[in-house]
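What follows is a short report on a single structure.
In each ligand, atom 1 is the first atom listed, and ligand 1 is the first ligand listed.
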Amino acid sequence: MTTVLAEPTRRQAIPIPTGCAHNCSGSCALIAHVRDGRIVQITTDERPDRPNDPQLRACLRGRAYRRRVYHPDRLLHPLRRTGPRGEGRFERITWDEALDTVAGELRRVIDTYGNAAVYLQHGSGGLAQLMGMEPAGRLLNCLGGHLEGYGSYSAACIEATVPITLGTRVCAHPPTDWHNARLILLWGHNPAETTFGTNTPYHLRRVREAGTRIVVIDPRHTPTAVALADEWIPIRPGTDVALISALAYVLITEGLNDQAFLDRCCLGFDEAHLPPGIPAGEAYRAYVLGEADAVPKTPAWAEPITRIPAERIARLARELAAAKPMALMPGYAPQRRAYGEQFVRACIALAALTGNIGVPGGSSGAPGTPPQFTPMIGLGAGPNLVPYRIPTFRWTDALADSAALTPRDGLRGGDRLPSDVKLVYNVASNVLVNQHADCRRTADLLRDPAHVEFIAVQDQFLTPSARFADVVLPVVTWLEMSTVYQLEPQGNAVVAMNQAIAPLGECRSDYAICAALADRLGVGEAYRAGRTEADWLREAVRSVQAQDPACPDYETLREQGIYTVRWDPPIVPFEDFRADPAAHPLDTPSGKIELFSTVLWDWGDPARVPAVPRYIPEPDDGPRYPLQLLGPHTFRRTHSTLEEVDWLEEAFPHHVALNPADAAARGIADGDRVRVFNDRGAIVLRCRVTPLVMPGVVVVPQGAWWAPDADGVDTRGCVNVLTSQRATPWAGGSTQHSAWVEVEREAWSA
Ligand SMILES: Nc1nc2c(c(=O)[nH]1)N[C@H]1C(S)=C(S)[C@@H](COP(=O)(O)OP(=O)(O)OC[C@H]3O[C@@H](n4cnc5c(=O)[nH]c(N)nc54)[C@H](O)[C@@H]3O)O[C@H]1N2
Ligand SMILES: Nc1nc2c(c(=O)[nH]1)N[C@H]1C(S)=C(S)[C@@H](COP(=O)(O)OP(=O)(O)OC[C@H]3O[C@@H](n4cnc5c(=O)[nH]c(N)nc54)[C@H](O)[C@@H]3O)O[C@H]1N2
Ligand code: SF4
Ligand SMILES: [Mo]
């Protein structure tokens with residue numbers, strides 16, 4: 001028998017403070033325990049919990065990180081493709097060969113086609129300083145620039161519509177204000193699982209314990225609905241704006257709306273407050289009451305659309321009006337849908353109608369940053385001299401036919417792109433194939449080397465995207481480098497991430513790889529700006545210090561691990577505007593909250609981009625595909641990162657979830673292997689039959705790695721085999737939550 005614990009010769013492991021900086025929207029503290037140059041355990045924050053400075057406790061993903069760092073599939077050497085793109089055959093090459101090839105291709109493509117032919121792929125894998133897209137963008141900008149995307153996968157419709165409606169994205173209440181709310185409405189929002197700043201679930205739990213009621217509106221009975229809420233209201237996906245319109249109907253017809261606030265602070269609620277020359281029927285009130293289209297948006301109208309009983313809708317409206325203040329907190333998912341712009345604007349309208357904008361405990365209805373947020377300015381990508389920008393989600397359109405992409409499709413900087421994309425640089429990203437919609441179409445586009453002439457991938461694993469690379473460059477994990485990280489806007493901490501172990505194999509940091517490329521291309525000096533990596537980290541921490549003198553310097557931070565920004569007393573966004581809108585106008589065309597958007601009116605596409613938020617039924621894929629497919633973000637992974645970690649698969653096995661009624665109608669039992677399919681493709685995976693998903697809805701968590709068999713059927717279960725590349729009509733955002741499928745039992749299912 002071995003007695004490991006009693007082993008007398010065992011030397012103490014050294015604890016190294018570090019953190020977790022994949023794009024889960026959190027940033028937790030990790031402590032790597034290192035013995036003989038190897039991490040033997042990972043623990044997390046051990047400081048005492050204080051109400052406004054709680055621990056940055058890591059979730060299972062952070063704590064299981066050892067399984068990722070030392071995974072046998074880690075990339076340890078540069079690779080060159082030997083078979084057709086996507087097939088996954090590579091040979092090991094030296095760093096010199098790899099860097100010479102990538103630098104040579106960058107030079108050749110820029111000289112032949114111009115800088116706009118180089119596309120830096122959206123990639124969110126590494127978000128701390130010196131990692132990921134930022135060094136790569138800096139390298140390309142030192143070379144004269146590159147084609148850049150705008151609008152994220154996460155929140156393109158929020159990013160586009162909140163500024164034209166509220167004039168700013170500094171529109172969120174800090175968690176220190178949440179206890180002032182009587183009711184919190186989490187709309188398509190699942191922070192128990194999606195984090196949204198490490199301690200969002202913690203703060204929600206505390207305010208609920210203190211008596212605030214929490215209601216969740218979601219097609220799934222989420223971990224948030226289970227653990228943090230008083231009530232779950234299931235809604236048919238894509239119909240949220242119908243529900244908001246019906247809530248508005250009840251508020252208006254029962255005189256429960258805050259008319260004084262609407263009159264004083266908003267444009268276009270009623271005809272008396274429309275801009276000059278706009279017909280009366282265009283006001284929000286006219287839409288809700290059905291004055292223009294003869295369809296009053298009553299609860300009875302919304303019931304068959306949303307599947308929420310009319311009586312419950314009417315009661316909810318009264319509850320929202322009675323709970324003063326009420327904080328509406330939407331997630332991002334309902335705007336990653338076919339008409340995502342409408343959801344974002346409808347939420348702001350609901351917050352305005354209930355008079356909750358600019359009051360403690362209220363909400364603007366829009367996700368954003370709180371006023372106290374102190375952004376960290378570190379390395380930075382520097383100015384990009386290429387003027388062209390495309391909506392990030394439309395990069396495949398730019399690849400397929402750059403000439404077809406016009407300003408009406410969201411192209412900025414000119415009427416058409418000067419060149420097709422000839423080189424894709426994919427850093428900290430599995431978007432290239434896995435995380436973008438419609439894997440098969442993307443893969444077909446990438447397969448032809450005459451079309452995209454060169455693909456470089458910088459990653460830690462040979463992901464489905466890396467399989468399409470011509471050259472793969474191996475990157476360290478953060479445990480093999482030092483960096484600093486600032487929590488996402490929703491949070492309030494700066495975390496020092498200290499190097500715990502030597503780089504594995506021949507891995508290098510993104511910063512170092514891009515520096516070596518810059519040297520080869522003659523722009524090394526501009527790239528480094530005379531600084532070492534430690535200098536850049538010192539600068540980054542100094543940028544927070546400049547706004548918040550209590551922040552320690554880099555050296556002190558390295559020792560203490562975490563600095564928490566104090567957000568007490570909380571600053572309430574729009575408080576001054578609400579008090580005196582004339583003295584504090586918003587940065588919108590009218591200076592007011594534009595429930596009627598003059599910008600969208602001028603756009604001139606009222607059926608798809610109306611000037612007031614309207615319910616627009618989503619297109620479906622016809623009667624053959626009756627089930628709505630969601631690909632939410634779950635505990636299992638951070639996007640596709642951590643897919644390889646066996647402990648996480650054991651804790652949260654990947655499967656498709658189906659309601660018992662839909663399963664019974666198809667002869668499917670819990671645990672069966674099923675085929676989920678539509679015209680775009682098919683995936684085969686285990687089925688979980690569960691009432692946690694409402695009828696008519698199918699759930700395949702996003703991020704599983706695409707693994708097509710010889711017939712092209714995905715044997716792992718990547719949801720993006722089934723999603724559409726159609727962008728939202730105005731923001732050009734992702735619509736990856738709007739997909740329709742059928743599910744059938746596999747004949748050989750045991
Ligand atoms: N664990 C984990 N956390 C993450 C991430 C991760 O990969 N893993 N990714 C992070 C990133 S980058 C982002 S952008 C955010 C994403 O954050 P979100 O976009 O908010 O997350 P989702 O899981 O897509 O969706 C949130 C909830 O909305 C519901 N939903 C879907 N469609 C609809 C709808 O039409 N109406 C309503 N009412 N609800 C709907 C889903 O069932 C889900 O419970 O998460 C962040 N957090
Ligand atoms: N169907 C569907 N698809 C979605 C979504 C959805 O809700 N539904 N959500 C979308 C959203 S919101 C987002 S943000 C995207 C995210 O998509 P991505 O930005 O592609 O995120 P990941 O899938 O995590 O891929 C990150 C990659 O970076 C690598 N990596 C990690 N750290 C580093 C590093 O330090 N350096 C380098 N070079 N590589 C590193 C990881 O190994 C991984 O391969 O997915 C989108 N896709
Ligand atoms: S994955 Fe997110 S929630 Fe989990 S430890 Fe990392 S930062 Fe924290
Ligand atoms: Mo995201």
Heavy atom to atom 1 (N) of ligand 1, shortest distance: which of Thr634, Thr641, Thr638, Asn23 holds it? Thr634
For atom CZ of Arg205, decide whether the heavy atoms of other residues, nucleotides or ligands shown that lie under 6.0 angstrom number more than 12. no
Any cation-pi pair here, Arg47 with Tyr563, using under 6.0 Å and within 45°? no
Would Cys24 count as being in polar contact with ligand 1, using the rule that some N or O on each side must be under 3.5 angstrom apart? yes
Determine whether any heavy atom of Gln702 lies closer than 4.0 Å to an atom of ligand 1. yes
Within ligand 3, which atoms have a heavy atom of Cys28 less than 4.0 Å away? 3 (S), 5 (S), 7 (S), 8 (Fe)
What atoms in ligand 3 come closer than 4.0 Å to a heavy atom of Gly26? 7 (S)
For the 3.5 Å polar cut-off, considering only N or O atoms, please tell me whether Gly331 and ligand 1 meet it. no
In plain terms, say whether Arg315 and Glu319 are close enough for a salt bridge, that is, a side-chain N and a carboxylate O under 4.0 Å apart. yes
Taking the side chain as C-beta and beyond, is there a heavy-atom pair between Thr641 and Phe461 under 4.5 Å? no
Identify the residue among Arg608, Arg337, Arg236 that makes a salt bridge (charged side-chain N to carboxylate O under 4.0 Å, His left out) with Glu618. Arg337
Closest to atom 8 (N) of ligand 1 by heavy-atom distance, out of Arg637, Gln736, Met694, His22, is Arg637
Number the atoms of ligand 1 from 1 as they appear, then name those within less than 4.0 Å of a heavy atom of Ile235, with their elements. 38 (N)
Counting from 1 in the order shown, the ligand 3 atoms closer than 4.0 Å to a non-hydrogen atom of Ser27 are 7 (S)
Compare all side-chain heavy atoms of Gln486 with those of Val544 and state whether any distance is below 4.5 angstrom. yes
Contact check, side chains of Arg637 and His654, non-hydrogen atoms, under 4.5 Å: yes
Regarding Cys20, does it place an N, O or S atom less than 2.8 Å from atom 6 (Fe) of ligand 3? yes
Sole residue of Arg636, Arg68, Arg61 in salt bridge (charged side-chain N to carboxylate O under 4.0 Å, His left out) with Glu644: Arg68
If we set the cut-off at 4.0 Å for heavy atoms, which region of Tyr153 has an atom near ligand 1: side chain, backbone, both, or neither? neither
Below 4.0 angstrom from a heavy atom of Cys24, which ligand 3 atoms are there? Numbered from 1 as shown, please. 1 (S), 2 (Fe), 3 (S), 7 (S)
Could you tell me, atom by atom, which parts of ligand 3 come under 4.0 Å of a heavy atom of Gly62? 5 (S)
With a 4.5 Å cut-off on side-chain heavy atoms, are Ser429 and Ser124 touching? no
Glu193 side chain to Phe635 backbone, donor-acceptor under 3.5 Å: yes
Within a distance under 4.0 Å of any heavy atom of His639, pick out the atoms of ligand 1 and give their elements. 6 (C), 7 (O), 9 (N), 10 (C), 11 (C), 12 (S)
Does ligand 1 have any atom sitting under 4.0 Å from a heavy atom of Phe196? yes
Go through ligand 1 atom by atom and flag the ones less than 4.0 Å from a non-hydrogen atom of Gly188. 20 (O), 26 (C), 27 (C), 28 (O), 37 (C), 38 (N), 39 (N)
Side chain to side chain, Arg336 and Phe393, heavy atoms closer than 4.5 Å: no
Given Gly703, Ala192, Gly26, Ala333, which has its nearest heavy atom closest to atom 18 (P) of ligand 1? Ala333
For ligand 1, which atoms, with element, lie under 4.0 Å from some heavy atom of Asn190? 44 (O)
Using atom types as modelled and distance alone, determine if a side-chain donor or acceptor of Asp230 lies under 3.5 Å from a backbone N or O of Ile214. yes
If we only count heavy atoms from C-beta on, is the Ser25 to Tyr332 side-chain gap below 4.5 Å? no
With heavy atoms of Glu193 as the reference, note each atom of ligand 1 found under 4.0 Å away. 1 (N), 2 (C), 3 (N)
Under 4.0 Å, heavy atoms only, figure out whether ligand 1 is touched by the backbone of Leu630, its side chain, both or neither. side chain
Identify, by atom number and element, the atoms of ligand 1 in contact range of Pro632, meaning under 4.0 Å from any of its heavy atoms. 23 (O), 24 (O)
Lys/Arg-Asp/Glu bridge criterion (N-O < 4.0 Å) met for Arg312, Glu231: yes
Would you check whether Arg336 reaches within less than 4.0 Å of ligand 1, judged by its heavy atoms? yes
Any idea which atoms of ligand 1 are less than 4.0 Å away from a heavy-atom of Asp240? 34 (C), 35 (O), 36 (N), 37 (C), 38 (N)
Side chains of Tyr150 and Ile390: closer than 4.5 Å at any heavy-atom pair? no
Of the backbone and side-chain N, O or S atoms of Cys59, does one lie nearer to atom 4 (Fe) of ligand 3 than 2.8 Å? yes
In terms of atom number and element, which parts of ligand 1 are under 4.0 angstrom from non-hydrogen atoms of Ser154? 12 (S), 14 (S)
Below 4.0 angstrom from a heavy atom of Arg61, which ligand 3 atoms are there? Numbered from 1 as shown, please. 1 (S), 2 (Fe), 3 (S), 4 (Fe)
Short version for Arg61: what comes under 4.0 Å of ligand 1, heavy atoms counted, is side chain
